[in-house]
Amino acid sequence: MKRKYLSTPYIIWVIGFTILPLVTIAASAFTDNDDAFTWGNILAILEPINRQALLFSLAIAFGCTLICILLAYPAALVLKSFRLKRKGFTIFLLVLPMWMNFILRILAWQMILSKNGILNFLLGKVGIAPLALSNTWIALMIGMVYDFLPYMILPIFNAISDIDEDLIEAARDLGADSGTVFRKVIFPLSMPGMLSGIVMVFVPAMTSFVIADILGGGKLQLIGNIIEQEFVKSMNWHLGAGLSISLMLLVIVGLAFTLRNDMEERGTTIW
Amino acid sequence: MGTNEKGRDILELKNISKSFDGKKVLDDLSLSIGRNEFITLLGPSGCGKSTTLRIIGGFVRPDNGSVFFEGQDITNLASEKRNVNTVFQKYSLFPHMNVEENIAFGLKLKKKSRAYIQDKIKYALKLVNLEGYEKRNTTALSGGQQQRIAIARAIVNEPELLLLDEPLGALDLKLRHDMQQELIRIKKEVGITFIYVTHDQEEALTMSDRIVVMNKGIIQQMGTSKSIYDEPQNAFVADFIGESNIIDGIMLQDKVVEIMGVKIPCVDEGFEARETVDVVIRPEDLEIREAENGFFSGKVTSVLFKGAYYEIKICARDYEWVSQSVNAPEVGAEVGLYVAPDNIQIMHKPQSEDAEIIKE
Ligand SMILES: Nc1ncnc2c1ncn2[C@@H]1O[C@H](COP(=O)(O)OP(=O)(O)O)[C@@H](O)[C@H]1O
Ligand SMILES: [Mg+2]
């Protein structure tokens, strides 16, 4: 009985901040300006301009997730090799930027990458011609990877730390060199961590718009930017809601597909 | 120790020292292990047994000294390049692989053919009495089964030397006894050298051809089970190998020792006059007689039935003696304690603190 009382605040939270908004958005998505039922807003994702933005978002999110995985594994392995004290401090450094305002962090990158920015200044010092990174997808990618990387490193690091040292010794004992130990033991056993990292990086990368706004200078259209514009500029909430629902469904189906095999195999959830 | 002759040894540790965080864990340890021997490192927890094994397996580098395998110096050889396999205490099976994949791990790395690997898996599972378990999930197996798989996984690689670090430590008593017999059988069948680590003296005595008793990183004694049990070289070994009565004594002359003020005949010679010594009397050698017929008389304080015998505690001269007998006196009875001269073991006191005696 007591348990039920304790869960009340969460139930209220879920109703107030998850279910209610979803219902509102869905209601708005399936109606037009005259409050008549329509599939139009949902299907609008298929229109060329939206489809193009969606594909661009997919490509960016895939790329960002992949780069994060490639950077996170070496980082997590190095982190694991640190002694306890240094480990804690490094994790602190890793998390520290998250305490700074998100917009500020992105603005900082804008200044670093801009035509007369710090990067080109430093490149000039060593005699390399300035790079025109401002407002390109490369700038966008750098910003996203920078922003999301900790969310990939931490779960992978946790998963790797949970691997019993004896298993690694057992593999060596049976003749595995360092590379083989990684491929056959560390990598497969860190899968749950990598999958939660993928969720935490891919989903925000797929839906973000602020990074593209700032680092893309308004020239790069992610699906998130389109949705934002429908809400903020065009004031077409029905269309914005419809696109949001479509995006959400695509992400959910995609992730379910990616995660299903793993969940079945292990019988555990990834979080 | 006839196995120490040159040419027959498969492994030799020479003057190995190792410290962790400034604390000496192994101190100038030297040891030769003969081909096909079942040798056990025995000692209390923390005495450096696992470290010794890990140096042999290549997981720890010694600070000083060398490891020779078949005459070749392998001190700095990576563990994956050593023809040695280990069975770990916690089994350490790969949880993301089934039984078959675990056993095949080493063979696949050696690029053996599929048919060869299949044959080996079958043979190994038969050896450990788990035929038909190929596709089982390792995490669903019992502790005893997991340990069998761990043994199978090591043995298919045909190592010349198998290291076993308290492999039965996590199993319950009954299963442990069964597995001891299994291991002896497996050892006979595969005919390779076993280096076995345990802190359980009974296990060591049951299984080994030769026992190395260690304490605080120093070898206290090496020898067959019988020689270690019958002729412990110091009080530590005597105490560790079985519950013993260990008392201070003074050697009055050859073949006479004074214990608690009583002159008692023994068979030991060659001590200095009035040298203070450790006197060890095994419980089964301490005879209970009529009060007036013993060297000491005292009161029986407890009698415990141990299955095949009684364990009797007697308080005499402020010392609690322990004796084993098939007859049980009454608790509270006045009895005499006697020991035959050749059942008294006299030992020099250890000289350094390192070889400190553990007394109850
Ligand atoms: N990697 C290590 N780092 C620090 N201390 C260690 C390490 N390995 C072992 N020790 C210490 O060395 C001593 C001997 O350990 P070990 O060889 O495992 O003993 P045993 O196996 O006989 O119980 C212990 O005091 C242990 O704490
Ligand atoms: Mg140990």
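Throughout, protein chains are lettered first and strands after them, A, B, ... in sequence-line order, and every chain is numbered starting at 1. It should be emphasised that the depicted structure is a prediction, and the values quoted were computed from it without experimental measurement.
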| What's the spacing between B:Met97 CE and A:Leu189 CG if we round to 0.5 Å? | 8.0 Å

| Counting heavy atoms not belonging to B:Lys90, are there more than 12 under 6.0 Å from its NZ? | no

| query | Between A:Gly175 and B:Leu109, what is the shortest heavy-atom contact and its length? | reply | C-CD1, 3.7 Å

| query | Does atom CZ of A:Phe62 have more than 12 heavy-atom neighbours from other groups under 6.0 Å away? | reply | no

| note | Bottom line for B:Leu107: the part with an atom under 4.5 Å from chain A's heavy atoms is neither

| query | Among pairs that include at least one residue of residues 68-84 of chain A, which meet side-chain hydrogen bond (donor to acceptor under 3.5 Å, both in side chains), considering only residues two or more places apart or in two chains? | reply | A:Tyr73-A:Ser190, A:Lys80-A:Glu165

| message | Between A:Asp173 and B:Thr86 (side chain of the first, backbone of the second, donor and acceptor by atom type, cut-off under 3.5 Å), is there such a pair? | response | yes

| Looking only at heavy atoms, which of residues 64-75 of chain B get nearer than 4.5 Å to chain A? | none

| CG (A:Leu84) with more than 12 external heavy atoms under 6.0 Å | no

| Engaged part of B:Arg82 at the chain A interface, taking heavy atoms whose separation is under 4.5 Å | neither

| request: Would you mind checking which part of B:Phe88 comes under 4.5 Å of any heavy atom in chain A, side chain (CB onward), backbone (N, CA, C, O), both or neither? | output: side chain

| field | Partner chain A: residue of B:Gln89, B:Arg54, B:Lys110 with the largest heavy-atom pair count (under 4.5 Å) | value | B:Arg54

| Can you name the nearest heavy-atom pair linking B:Phe94 to A:Val185, along with the distance? | CE2-CG2, 3.8 Å

| said: Tell me whether A:Phe89 at atom CZ has more than 12 heavy atoms from other residues, nucleotides or ligands lying less than 6.0 Å away. | reply: no

| note | Hits for ring pair (Phe, Tyr, Trp, His ring centres under 6.0 Å) against B:Tyr196, two or more places apart or cross-chain, chain-then-number order -> B:Phe38

| Roughly how far apart are A:Asp164 CG and B:Tyr91 OH, rounded to 0.5 Å? | 13.0 Å

| At their closest point, which heavy atom of A:Arg172 faces which heavy atom of B:Ser79, and how far apart are they? | CB-OG, 3.6 Å

| remark: Closest non-hydrogen atoms of A:Ala170 and B:Ser92, given as atom of the first, atom of the second and distance, are CB-O, 3.9 Å

| message | Can you tell me which portion of B:Asn157 sits under 4.5 Å from chain A's heavy atoms? Options are side chain, backbone, both or neither. | response | side chain

| task | Output every pair passing side-chain hydrogen bond (donor to acceptor under 3.5 Å, both in side chains) with a member in residues 38-47 of chain B, not counting sequence neighbours, ordered by first then second residue. | result | B:Thr40-B:Ser208

| query | Side chain, backbone, both or neither: which part of B:Val84 has a heavy atom under 4.5 Å from chain A? | reply | backbone

| Whether over 12 other heavy atoms sit under 6.0 Å from A:Arg86 CZ | no

| field | Over all atoms of both residues, closest heavy-atom pair of B:Glu80 and A:Asp177 | value | OE2-CA, 3.6 Å

